[in-house]
Amino acid sequence: MSTGDGCPDCERWEQRFKELERKFDAVVKQLDETTRKLDEATAKLAAATKDSTNSSKPPSSDIVKPNRPRKPAGKRKKGGQKGHRRTIRPAVLEDELDWLTQYAYDNARAVVGQ
């Protein structure tokens with residue numbers, strides 16, 4: 001079963017080597033393609049997670065998030081609730097005060113907005 005050059009089964013081993021070499025080349029090509037896709041996805045993800053708060057991008061380039069839906073109104077109204085006692089801060093006598101500041105407006109119309 002020799003090919004005449006002194007190596008038994010050389011032709012068979014050479015064919016097997018070429019077959020394995022083709023398979024190896026195919027696996028390397030597939031790995032390169034997968035690596036390229038992973039690099040693209042990583043770059044896309046990195047770009048998508050950047051906005052004006054964590055990069056030097058201007059706020060106008062931010063993707064506008066839709067407003068959250070409002071919570072439904074509760075059972076209670078704003079302010080004091082029925083059935084609860086009103087609590088009022090007790091007045092301080094003048095002789096107990098350390099200092100007193102009175103404010104006055106020069107032009108009352110400007111305050112009212114007329």
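Model, not experiment: these values are computed from the prediction.
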Show me the side-chain donor-acceptor pairs of residues 79-96 shorter than 3.5 Å, one per line, residues at least two apart or across chains.
unit_1: Q81; atom_1: NE2; unit_2: K77; atom_2: O; d: 2.6
unit_1: Q81; atom_1: NE2; unit_2: G79; atom_2: O; d: 3.0

Evaluate K44 against E40 for salt bridge (charged side-chain N to carboxylate O under 4.0 Å, His left out), listing each step before the verdict.
CA-CA 6 Å; K44 202 177 212 182; E40 288 176 5; over 6 Å; no

Can D39 and R36 be said to form a salt bridge (charged side-chain N to carboxylate O under 4.0 Å, His left out), step by step?
CA-CA 5 Å; D39 290 343; R36 184 188 60 78; over 6 Å; no

Calculate, to the nearest 0.5 Å, the distance between atoms CG and CD belonging to L20 and Q15 respectively.
12.0 Å

I'd like to know whether CD of E33 has more than 12 heavy-atom contacts from other residues, nucleotides or ligands below 6.0 angstrom.
yes

State, with a plain yes or no, whether a side-chain heavy atom of L100 is found less than 4.5 Å away from one of Q102.
yes

Once rounded to the nearest 0.5 Å, what's the spacing between atom CD of E14 and atom CD of E21?
10.5 Å

